[in-house]
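Each chain gets a letter, A, B and so on, in the order the sequences are listed, and its residues count up from 1.
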2 protein chains.
Amino acid sequence: MANIQEVARKAGVSSATVSRVLNNTTVVSSRTKMKVEKAIKELQYEPSMLGRNLRKSESRLLLVLIHSFSNPFFSKIINGIEDHSIANNYNILLCESDSDPQRENIFLNMVRNKLADGVISMNPAVDMEMMLDLAEKHSIIFCSEYYENDAIPYVTIDNEAAAYKAVKHLIKLGNEKIAFISYEESFVYAKQRRNGYERALREFGLPMREEWIYNAGGLDFQDGVQAVRKFLQCDERPTAVFAVSDTLAIGALKEVNVRGIKIPDEMAVVGFDNINFSNMTNPTLSTVSQPMYDMGYKAASMLIDSIQGKAVDSVIMDHELIIRESTLS
Amino acid sequence: MANIQEVARKAGVSSATVSRVLNNTTVVSSRTKMKVEKAIKELQYEPSMLGRNLRKSESRLLLVLIHSFSNPFFSKIINGIEDHSIANNYNILLCESDSDPQRENIFLNMVRNKLADGVISMNPAVDMEMMLDLAEKHSIIFCSEYYENDAIPYVTIDNEAAAYKAVKHLIKLGNEKIAFISYEESFVYAKQRRNGYERALREFGLPMREEWIYNAGGLDFQDGVQAVRKFLQCDERPTAVFAVSDTLAIGALKEVNVRGIKIPDEMAVVGFDNINFSNMTNPTLSTVSQPMYDMGYKAASMLIDSIQGKAVDSVIMDHELIIRESTLS
DNA sequence: GTCTGATATGTAATCGTTTACATATCAGAT
DNA sequence: ATCTGATATGTAAACGATTACATATCAGAC
């Protein structure tokens with residue numbers, strides 16, 4: 001593979017001039033420019049990013065940490081991240097750290113090792129201390145899940161308000177026994193959603209029972225199925241379920257269907273995230289929609305700003321309650 | 001940020017020795033080793049991949065091309081790719097080229113520019129000529145979708161046989177009017193699945209009608225919905241549907257449900273891919289399962305072999321027909 | 001004919017590693 | 001005391017770009 005020196009030799013100029021042609025950085029006379037371009041074509045020269053990256057000491061790669069590919073919630077966010085990154089000549093290194101906790105370390109080493117210029121973390125299970133430490137020398141943005149002080153900028157929604165709105169909607173429909181499918185309340189988003197759930201119940205003077213709260217072991221459909229099985233064993237069977245995630249809600253829907261319980265009359269269900277599927281279930285699922293694409297786009301924009309040394313502020317985006325058949329009589 | 005020279009100076013050795021300690025490449029006396037490790041710790045030194053990559057002229061990055069994140073079919077494959085890559089000190093650069101055809105060029109430039117050491121393409125819409133050209137100088141593996149000569153190694157399943165098996169299953173259930181939801185028959189996998197469909201019909205002497213074949217405009221749920229609407233307008237209404245993708249089949253299921261048509265008695269449905277969600281629909285979806293994780297794992301293994309100059313052979317993996325409620329009376 | 005400033009190009013250092021080759025050191029054999 | 005071979009370390013040249021600085025060229029003004 002030809003390098004810049006060979007191109008220079010062939011064109012009868014110096015490598016500096018070739019570089020100038022390549023980057024359009026200074027004026028090069030049109031005659032030399034043509035000579036250089038001819039040489040490039042003849043040698044099928046392609047500039048090496050390795051050389052350029054070393055010299056500029058940047059990789060133009062952004063690390064994106066997610067918990068798991070299998071949750072479709074992330075795909076739209078990633079679309080947003082990717083679009084903005086590519087438009088700014090960055091590329092993304094998508095890393096799933098779910099399966100193996102020590103894998104996270106491998107990934108974060110990439111930014112320490114200059115293989116990535118910055119990080120967008122969407123993984124709520126991330127080691128916060130490590131992130132805080134890393135943030136002192138590198139650019140980090142949280143997306144969706146974040147750390148509850150302003151040490152690291154984030155883009156998210158008001159989870160508490162969204163959950164409150166969802167539960168209030170269930171209450172307005174006449175439900176008084178409302179169950180909650182939670183997940184890992186050490187995660188900020190889960191805790192906030194629970195707070196919203198509790199606030200709504202309190203505000204309307206409704207009972208709050210431990211047995212109506214199921215702490216799922218994961219975010220898979222199957223975990224939602226389990227939750228409903230548990231609820232159906234309660235002495236006082238709940239008449240509505242709010243889940244912190246659509247995947248859980250869809251599993252719940254499934255199990256309610258299987259048991260022949262009528263939705264929403266005997267059991268109303270609301271999820272969270274508005275993933276694609278939520279519109280394809282039977283019945284369709286009411287849910288809270290986050291502006292996923294925009295969140296990703298904004299996070300990427302914030303990260304690139306931060307890499308370039310600009311100050312960035314956290315953002316809280318709008319959410320929306322989407323009412324579908326699972327709460328529509 | 002400290003570099004290797006500073007570490008060397010601090011430890012009172014040469015940078016070569018530091019490098020040797022770092023890479024465990026030659027024997028270093030335990031006393032020097034300790035000195036070096038102490039210096040590394042004190043300076044909080046982290047070796048720069050940029051320097052290393054340039055020197056070794058490799059990036060240790062694998063480019064993975066997919067059509068779209070939104071099809072969950074890919075997520076398991078990517079898991080397999082990632083696991084094998086990371087175990088071999090590679091990382092993956094996941095690229096979605098759906099939205100923008102010229103984006104593909106940006107991605108493929110990464111391998112020309114040495115930013116990626118090889119490519120796994122799962123994008124059936126990829127520009128084949130460009131890939132063939134690229135394959136002359138770089139390592140490329142196709143996964144799932146491939147090019148029908150052996151110029152570029154691939155890992156896939158026998159799509160024709162799988163489709164045949166699925167349709168035969170519908171026939172055995174007593175269906176004689178079987179519709180087919182296809183998608184872009186310029187894609188090898190779609191064409192092969194159609195061949196399997198047609199072979200089954202022919203073999204059992206069943207009619208094959210143009211109006212029972214719907215060519216979807218995309219792979220979204222909504223496209224499956226459209227397909228069923230079309231089928232229901234036929235003079236002779238089909239009693240079964242085979243779709244080239246679970247996403248299409250799930251859309252079909254949805255629309256059939258909405259119309260109040262009984263599944264599977266009045267309309268049986270079979271999909272393809274066994275995505276997670278296919279088990280959560282109501283009723284659950286019969287489908288063809290591909291060994292997605294293994295396919296990804298194998299593709300990564302083949303690519304790394306190829307990068308290291310080994311010869312690799314294409315692989316055809318096993319598939320399995322999974323029978324669920326949508327074809328179970 | 002000299003000077004000035006603008007324009008175009010070349011020179012060489014630099015980014016941070018790895019590694020071929022050279023050299024130093026030392027134990028054990030003679 | 002010298003030699004040998006093994007072991008440990010150092011020297012310096014890559015890898016392939018970018019860029020500060022120096023220099024060459026030239027048109028126009030005097």
Side-chain angles (χ1 to χ4, degrees), chain A residues 1-40 43-61 89 109-117 137, chain B residues 1-40 43-61 89 109-117 137:
Chain A
M1 232 24 152
N3 63 16
I4 200 171
Q5 314 287 348
E6 296 173 45
V7 174
R9 204 174 316 129
K10 180 134 197 164
V13 299
S14 75
S15 65
T17 299
V18 177
S19 173
R20 284 187 268 254
V21 171
L22 247 35
N23 299 288
N24 253 331
T25 174
T26 325
V27 181
V28 179
S29 80
S30 58
R31 204 159 49 88
T32 8
K33 191 167 178 178
M34 286 189 53
K35 280 193 299 184
V36 170
E37 280 166 350
K38 185 156 162 278
I40 289 178
L43 292 172
Q44 297 194 52
Y45 166 74
E46 298 278 353
S48 158
M49 288 301 153
L50 302 179
R52 172 179 303 178
N53 287 348
L54 173 58
R55 176 57 221 242
K56 300 184 126 185
S57 69
E58 64 172 14
S59 66
R60 291 251 144 202
L61 253 31
N89 282 307
N109 257 325
M110 299 177 114
V111 33
R112 298 196 188 97
N113 292 334
K114 308 221 144 222
L115 222 163
D117 294 342
K137 295 193 179 180
Chain B
M1 242 346 182
N3 63 15
I4 201 173
Q5 313 288 349
E6 295 173 45
V7 174
R9 205 174 314 131
K10 181 135 198 163
V13 299
S14 74
S15 64
T17 298
V18 177
S19 173
R20 284 188 266 256
V21 171
L22 248 35
N23 298 288
N24 253 330
T25 173
T26 323
V27 180
V28 179
S29 81
S30 59
R31 204 159 49 87
T32 7
K33 190 167 177 178
M34 287 190 53
K35 280 193 300 183
V36 169
E37 280 165 350
K38 184 156 164 278
I40 289 178
L43 293 173
Q44 298 195 52
Y45 166 73
E46 300 278 353
S48 158
M49 287 302 152
L50 300 179
R52 171 178 303 178
N53 287 348
L54 173 59
R55 175 56 220 240
K56 302 184 123 186
S57 67
E58 64 172 15
S59 66
R60 291 251 146 202
L61 254 29
N89 282 307
N109 257 325
M110 299 176 116
V111 33
R112 298 196 188 97
N113 292 335
K114 307 220 145 224
L115 221 163
D117 294 343
K137 296 194 180 180

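- Separating the NZ atom of B:K114 from the P atom of C:dT17 is a distance of 20 Å, rounded to the nearest angstrom.
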Which side-chain N or O atoms in residues 45-53 of chain B pair as donor and acceptor under 3.5 Å with protein atoms at least two apart or in another chain?
| residue | atom | partner | partner atom | Å |
| --- | --- | --- | --- | --- |
| B:S48 | OG | B:L50 | N | 3.1 |
| B:S48 | OG | B:G51 | N | 3.4 |
| B:N53 | ND2 | B:M49 | O | 3.2 |

Exercise. Does the side chain to side chain contact (heavy atoms under 4.5 Å, CB included) test come out yes or no for A:V36 and A:I40, once each step is laid out?
Worked result: CA-CA 6 Å; A:V36 170; A:I40 289 178; 3.9 Å; yes

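- For the pair A:R31 CZ and D:dC26 P, the computed distance is 10 Å after rounding to whole Å.
- Remark: P of C:dT9 and NZ of A:K33 are 12 Å apart, rounded to the nearest angstrom.
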N/O-N/O pairs, protein side and nucleotides 4-8 of chain C side, under 3.5 Å:
none

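- For A:S14, the side-chain contact (heavy atoms from CB on, under 4.5 Å) criterion is met by A:A16, A:T17, not counting sequence neighbours.
- Summarising the geometry of B:V28 relative to B:K33, their closest heavy-atom pair is CG1-N, 4.0 Å, with the distance given to 0.1 Å.
- Here the P atom of nucleotide D:dG16 and the CZ atom of B:R112 are 19 Å apart, to the nearest Å.
- Taking atom CG of B:L22 as the reference point, atom P of C:dT17 lies 8 Å away to the nearest angstrom.
- For A:S19, no side-chain nitrogen or oxygen approaches OP1 or OP2 of D:dA17 to under 4.0 Å.
- When the nucleotides C:dT17, C:dT18, D:dA20 are ranked by their closest atom to the side chain of B:N23, C:dT18 comes out on top.
- With sequence neighbours left out, B:S15 forms a side-chain contact (heavy atoms from CB on, under 4.5 Å) with B:I4, B:Q5, B:A8.
- Summary for the helix from C:dG1-D:dC30 to C:dT30-D:dA1: the axes at its two ends, each from 5 pairs, differ by 70° when rounded to the nearest 10 degrees.
- Residues passing the salt bridge (Lys or Arg N to Asp or Glu O under 4.0 Å) test with A:K38, sequence neighbours excluded: A:E42.
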Short N/O separations, protein against nucleotides 23-25 of chain D, under 3.5 angstrom:
none

Exercise. Step by step, would you call A:Q44 with B:K137 a side chain to side chain contact (heavy atoms under 4.5 Å, CB included)?
Worked result: CA-CA 12 Å; A:Q44 297 194 52; B:K137 296 194 180 180; 4.0 Å; yes

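- Rounded to whole Å, atom C1' of D:dC15 lies 14 Å from atom CG of B:D117.
- For the pair B:E46 CD and C:dC15 P, the computed distance is 19 Å after rounding to whole Å.
- In this structure A:E6 satisfies the side-chain contact (heavy atoms from CB on, under 4.5 Å) test together with A:A2, A:N3, A:R9, A:L43, sequence neighbours excluded.
- Counting only distance, with no hydrogens or angles, the side chain of B:D117 and the backbone of B:E58 share no donor-acceptor pair below 3.5 Å.
- Taking B:R20 as the reference, nothing meets the side-chain hydrogen bond (donor to acceptor under 3.5 Å, both in side chains) condition, with sequence neighbours excluded.
- Within residues 47-57 of chain A, the residues having any heavy atom under 4.0 Å from DNA chain C are, by residue number, A:L54, A:R55.
- Taking B:R55 as the reference, nothing meets the side-chain hydrogen bond (donor to acceptor under 3.5 Å, both in side chains) condition, with sequence neighbours excluded.
- A heavy-atom distance below 4.0 Å to DNA chain D is reached by these residues of residues 5-16 of chain A, ordered by number: A:A16.
- Here the C1' atom of nucleotide C:dT14 and the CG atom of B:N3 are 12 Å apart, to the nearest Å.
- Formation of a donor-acceptor pair under 3.5 Å by the A:T32 side chain with backbone atoms of A:S29 is found in this model.
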